[in-house]
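Only heavy atoms go into these numbers, but all of them, side chains included; no hydrogens, no water, no symmetry mates.
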Amino acid sequence: ALLIAACKKDTGSKTTQINQVQGSIKVDWGDTITISGQNLPAQISVFFDKVSSQVISSNGQQIRCVVPFFNTNPTVSVTVIYGIDTVKLNNYVTLNAPVITSFTPTQALGDTVIINGDHFNYTGLLVTFGNVQSTVIAASKKMLKVIVPDGIQSTHTTISVKSQLQ
């Protein structure tokens, strides 16, 4: 009698896991976020909605990637692709709404106003005085420099900022 036995060698491969979060992560376009997990491969792709993200690093425990510009909704799902596997993190990130904290007062049409706040992004930026759009001269994440537009009834009107789809 001939007896042949075969054993499969344990290669030590472990299951890749990505940690879920409660709620949604608040972000701005261009922010770097971290997605945590276990046994994350080095070769990995990350998409916000359907827009590819720049992956900065993947070290097995964390994926660091940049929030790309997407123009669908303020809240989107993130898809992580590695090998032939895909993990979808539903409603994973929400863009921060712009916030105005202060502005320099003005007395006349055509004056320049400095608007201070947070979460301003030049892409898709819209500043209005009442219903009239103004011209943005300079923009950063925390400051806008705009011209009070002609066509408003008074310099005492509501200033609105739309940025990051909100």
Side-chain angles (χ1 to χ4, degrees), residues 14-83 85-106 112-149 157-166:
K14 297 181 178 155
T15 305
T16 297
Q17 293 178 318
I18 295 178
N19 299 342
Q20 299 289 331
V21 294
Q22 289 286 61
S24 182
I25 299 170
K26 297 286 191 173
V27 298
D28 291 331
W29 287 321
D31 283 355
T32 299
I33 68 163
T34 301
I35 300 171
S36 299
Q38 292 81 38
N39 307 310
L40 301 170
Q43 296 300 315
I44 206 154
S45 298
V46 179
F47 294 85
F48 289 68
D49 195 24
K50 293 179 170 70
V51 179
S52 180
S53 169
Q54 175 191 359
V55 175
I56 297 170
S57 64
S58 179
N59 67 8
Q61 302 296 315
Q62 295 181 333
I63 303 163
R64 293 184 64 239
C65 61
V66 178
V67 178
F69 170 75
F70 51 87
N71 61 358
T72 48
N73 293 301
T75 300
V76 297
S77 298
V78 172
T79 303
V80 179
I81 300 173
Y82 50 94
D85 294 320
T86 299
V87 174
K88 185 173 184 182
L89 304 167
N90 290 318
N91 301 319
Y92 193 73
V93 297
T94 298
L95 293 171
N96 288 305
V99 176
I100 297 173
T101 56
S102 66
F103 59 92
T104 58
T106 183
T112 299
V113 174
I114 305 293
I115 301 171
N116 297 298
D118 204 357
H119 314 298
F120 303 141
N121 190 296
Y122 201 77
T123 304
L125 179 64
L126 177 65
V127 179
T128 57
F129 286 70
N131 293 327
V132 182
Q133 184 173 340
S134 70
T135 301
V136 178
I137 300 170
S140 71
K141 193 171 182 175
K142 295 189 177 283
M143 186 274 301
L144 299 172
K145 190 174 185 180
V146 301
I147 297 174
V148 178
T157 189
T158 303
I159 300 172
S160 299
V161 175
K162 180 181 178 187
S163 180
Q164 300 197 128
L165 306 175
Q166 307 176 75

Does the side chain of [X] reach to within under 4.5 Å of the side chain of [Y], using non-hydrogen atoms?
X: Gln20; Y: Leu89; value: yes
X: Val113; Y: Phe129; value: yes
X: Val146; Y: Ile115; value: yes
X: Ser52; Y: Phe47; value: yes
X: Val51; Y: Phe69; value: no
X: Asn96; Y: Asp118; value: no
X: Ile147; Y: Ser134; value: no

Neighbour count >12 (heavy atoms, 6.0 Å) for atom [atom1], [X]:
X: Asn131; atom1: CG; answer: no
X: Lys141; atom1: NZ; answer: yes
X: Phe70; atom1: CZ; answer: yes

Nearest heavy-atom neighbours spanning [X] and [Y]:
X: Lys162; Y: Leu165; answer: CE-C, 4.2 Å
X: Gln133; Y: Thr128; answer: CA-CG2, 3.9 Å
X: Tyr82; Y: Pro41; answer: CB-CG, 3.4 Å
X: Val93; Y: Phe48; answer: CG2-CD2, 3.8 Å
X: Phe120; Y: Val99; answer: CZ-O, 3.5 Å
X: Val66; Y: Ser53; answer: O-OG, 2.5 Å

Flag, side chain of [X] to backbone of [Y], donor-acceptor distance under 3.5 Å:
X: Ser58; Y: Ile44; value: no
X: Ser102; Y: Asn116; value: no
X: Thr75; Y: Asn91; value: no

How long is the straight-line distance from [atom2] of [Y] back to [atom1] of [X], given to the nearest 0.5 Å?
X: Gln54; Y: Ile56; atom1: CD; atom2: CD1; answer: 5.5 Å
X: Leu40; Y: Ile35; atom1: CG; atom2: CD1; answer: 9.0 Å
X: Asn73; Y: Gln166; atom1: CG; atom2: CD; answer: 10.0 Å
X: Asp85; Y: Thr16; atom1: CG; atom2: OG1; answer: 7.0 Å

Test: Lys26 and Asp31 ion pair at under 4.0 Å |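 So Lys26 does not pair with Asp31 through a salt bridge.
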